[in-house]
Each structure stands twice: as structure tokens, then as C-alpha cells.
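One structure is given below, encoded as C-alpha cells.
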Amino acid sequence: SARTLRTRKLLSADETERAFRVYRVLVRAREVLGEEEGARKWMNTPQRALGERTPLSLLIRDVGTEQVMNVLSAIEDGGYL
């Protein structure tokens with residue numbers, strides 16, 4: 001949270017790793033969807049291709065990040081999900 005970031009100067013290794021995953025996926029979503037606002041909204045909206053989970057909720061682990069990246073690739077390619 002923003003409050004936590006204000007009171008702490010360093011993130012733990014897990015927090016740093018997750019923040020990097022979020023950044024990497026957000027950059028990719030922006031490329032695929034064409035705009036920052038749309039990418040942020042997509043990240044927080046449940047997706048049928050992800051079992052009605054939000055992309056953001058899957059970024060806790062590498063396997064979830066891979067699933068989200070695969071969906072973005074399918075969207076980019078115009079594939080059916």
C-alpha cells in the first residue's frame with residue numbers, strides 16, 4: 001500500500017519480485033491494449049480466460065505471470081480465448 005511504502009524505505013525480496021512482475025506485465029498490457037488507462041483497467045478486471053480471476057491477482061507467482069502473458073499474446077494475435 002502507499003502508506004507502507006511511505007514508512008518503509010526498502011522492499012523485501014518477495015515484494016521487489018512481485019513489483020517487477022507487475023511492472024513487466026503492465027508494460028506488455030500497454031503494448032497490446034494501446035494505452036495505460038486500458039491496461040490498468042484490464043489488470044483489475046476479472047478475465048474469463050483466467051478463470052474469472054484478475055490478471056493482477058495471478059502475479060504472485062511466476063506461473064500466474066506466465067498465464068497472464070499468454071493471454072496478452074493471444075489478444076495480440078487475435079486468438080480466441
Side-chain angles (χ1 to χ4, degrees):
S1 73
R3 182 176 180 207
T4 300
L5 291 175
R6 282 194 304 268
T7 59
R8 288 184 12 197
K9 296 186 190 249
L10 298 174
L11 299 175
S12 70
D14 287 339
E15 291 168 330
T16 301
E17 190 174 316
R18 183 159 192 240
F20 181 69
R21 282 190 199 113
V22 171
Y23 171 77
R24 192 169 53 116
V25 172
L26 184 58
V27 166
R28 182 71 175 122
R30 199 173 19 193
E31 289 171 359
V32 171
L33 303 172
E35 62 177 344
E36 176 99 19
E37 175 93 16
R40 287 181 184 274
K41 186 175 179 181
W42 183 83
M43 295 277 290
N44 288 293
T45 302
Q47 303 297 320
R48 185 175 10 179
L50 298 171
E52 296 300 331
R53 293 169 292 182
T54 65
L56 189 60
S57 72
L58 294 173
L59 302 182
I60 294 170
R61 295 195 170 86
D62 286 334
V63 71
T65 303
E66 233 177 276
Q67 288 175 318
V68 173
M69 293 295 247
N70 288 340
V71 169
L72 285 168
S73 292
I75 292 169
E76 183 176 50
D77 294 340
Y80 175 76
L81 301 175

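Heavy atoms only: backbone and side chains are in, while hydrogens, waters and symmetry mates are out. All figures in this text were calculated on a predicted structure; none of them were measured in a lab.
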* Given Arg30, which of Glu35, Glu36, Glu76 fulfils the salt bridge (Lys or Arg N to Asp or Glu O under 4.0 Å) condition? -> Glu36
* Asked: What's the verdict on side-chain contact (heavy atoms from CB on, under 4.5 Å) for Met69 and Val25, showing C-alpha distance, side-chain angles and the deciding distance?
  -> CA-CA 7 Å; Met69 293 295 247; Val25 172; 3.9 Å; yes
* Smallest separation among heavy atoms of Ala39 and Leu26, with atom names -> CB-CD1, 3.8 Å
* Structure fact -> Tightest non-hydrogen contact, residues Met43 and Pro55, listed as O-CD, 3.3 Å
* Measure the spacing between CG of Leu50 and OG1 of Thr45 and express it to the nearest 0.5 Å. => 11.5 Å
* Structure fact -> Value for CZ (Arg28) from OG1 (Thr65), rounded to nearest 0.5 Å, stands at 14.0 Å
* Residues Trp42, Ile75; criterion side-chain contact (heavy atoms from CB on, under 4.5 Å); working and verdict -> CA-CA 12 Å; Trp42 183 83; Ile75 292 169; 4.0 Å; yes
* Structure fact -> When Glu66, Arg21, Gln67 are each screened for side chain to side chain contact (heavy atoms under 4.5 Å, CB included) with Leu58, the one that passes is Gln67
* To do: Report, as yes or no, whether the 6.0 Å neighbourhood of atom CZ on Arg18 holds more than 12 heavy atoms from other residues, nucleotides or ligands.
  => yes
